[in-house]
Peer 1: 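For reference, the structure I am asking about is given below.
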Amino acid sequence: MTTNLSQSEFTQLASEMQIEKTVQALQTHGIRVAVFDTGEEAKKYVLDQIPDGAEVYDSPSSTLELIGLTEQIEHTNRFQSVRARLSTLDYVTQRHEMRKLVAAPEVLVGSIQAITEQGEVLVASASGSQLGSAVFGAGTVIWVVSTQKLVGALEDGLRRIREYCFPLENIRAQQVYGQPSAINKLLTINAEHEPGRITIVLVKQRLGF
């Protein structure tokens, strides 16, 4: 019963009023926002924001995969894909180099789990691999976010992560990595110290979880 309630509550797209309120709060906190009706429009916008030749890390994201951004980023010659570079390195002997590549790319592209109407952004992770670049390491951060991830308050965002996102991510992790996931590290961004460094691309379409 709890799962069904969670799915119903956390998969509903936000109203125009909630979107407007959230956008205003994010912008007040130094975070840029762009709003689109479809994932295709969002993908084009994100690609247009990435400078030619830039070093780009796309953190694991169902949202990026669904709109085709993962494939675009990892198989283009227009800029440098960090993930493509990582695939050529040895996890055991070149781990330090891999950490540095992920920690400070020129551009980080990904998604997050929840945004409150007060403009708080919540990011959950098992390993924390994408958190360092999001907090400070990346020169530019772009998150593509379905409006189903907008919540009223911080406690709602935490419930969304625990009750809805985590069970689905746990299934995905076991299918992809052969091991369960966990909410080991949880980041809350209240504001961006460098205005405009973070851009949130809101999409009025159900994408990811």
Peer 1: Counting C-beta onward and ignoring hydrogens, is there a side-chain heavy-atom pair between L47 and R78 closer than 4.5 Å?
Peer 2: yes
Peer 1: Give every residue pair that meets the salt bridge (Lys or Arg N to Asp or Glu O under 4.0 Å) criterion with at least one member in residues 103-119, sequence neighbours excluded.
Peer 2: K21-E117
Peer 1: Work out which heavy atom in V82 is nearest to a heavy atom in E55; give both atom names and the distance.
Peer 2: CG2-CG, 3.5 Å
Peer 1: Would you sort out whether R160 and Q148 count as a side chain to side chain contact (heavy atoms under 4.5 Å, CB included), showing the intermediate values?
Peer 2: CA-CA 10 Å; R160 187 178 198 281; Q148 70 182 8; 3.7 Å; yes
Peer 1: Taking the side chain as everything from C-beta on, heavy atoms only, tell me whether V121 gets closer than 4.5 Å to V145.
Peer 2: no
Peer 1: Answer whether the closest heavy-atom distance between the side chains of V201 and F36 falls below 4.5 Å.
Peer 2: yes
Peer 1: From T88 OG1 over to Q94 CD, what is the distance, rounded to the nearest 0.5 angstrom?
Peer 2: 7.0 Å
Peer 1: With rounding to the nearest 0.5 Å, note down the distance linking CD1 in I115 to CD1 in I31.
Peer 2: 8.0 Å
Peer 1: Would you name the heavy atoms of A42 and V144 that are closest together and state the gap between them?
Peer 2: CB-CG1, 4.4 Å
Peer 1: Is the backbone of A124 close enough, under 3.5 Å, to the side chain of Q113 for a donor and an acceptor to pair up by distance?
Peer 2: yes
Peer 1: Mark yes or no for whether R197, through its side chain, and A138, through its backbone, hold a donor-acceptor pair below 3.5 Å.
Peer 2: yes
Peer 1: Would you say I189 ends up clustered with V33 if hydrophobic residues are merged whenever their side chains have heavy atoms under 4.5 Å apart, either directly or through other cluster members?
Peer 2: yes
Peer 1: When Ile, Leu, Val, Met, Phe, Trp and Tyr are grouped by side-chain heavy atoms lying under 4.5 Å apart, directly or through other members, which residues fall in the same group as V176?
Peer 2: Y177
Peer 1: Using the side-chain contact (heavy atoms from CB on, under 4.5 Å) criterion, which residues pair with Q49? Sequence neighbours excluded.
Peer 2: R32, Y45, I142
Peer 1: Begin from the C-alpha positions of L154 and L122 and carry the test side chain to side chain contact (heavy atoms under 4.5 Å, CB included) through to its verdict.
Peer 2: CA-CA 9 Å; L154 185 61; L122 280 69; 3.7 Å; yes
Peer 1: Can you tell me which residue pairs pass the side chain to side chain donor-acceptor pair (under 3.5 Å) test with a partner in residues 119-140, sequence neighbours excluded?
Peer 2: T116-E120, S125-Q130, S127-S129
Peer 1: Is there any side chain to side chain donor-acceptor pair (under 3.5 Å) pair reaching into residues 200-209, and which pairs are they, with sequence neighbours excluded?
Peer 2: E16-K204
Peer 1: Can you see which heavy atom on L207 is nearest to which on K149, and at what distance?
Peer 2: O-CE, 4.1 Å
Peer 1: Please name the pair of heavy atoms, one in G110 and one in S59, separated by the smallest distance, quoted to 0.1 Å.
Peer 2: CA-OG, 3.5 Å
Peer 1: Applying ring pair (Phe, Tyr, Trp, His ring centres under 6.0 Å), which residue pairs with at least one partner in residues 49-85 are found, sequence neighbours left out?
Peer 2: none
Peer 1: Measuring only between side-chain heavy atoms, which start at C-beta, is T147 closer than 4.5 Å to V35?
Peer 2: no
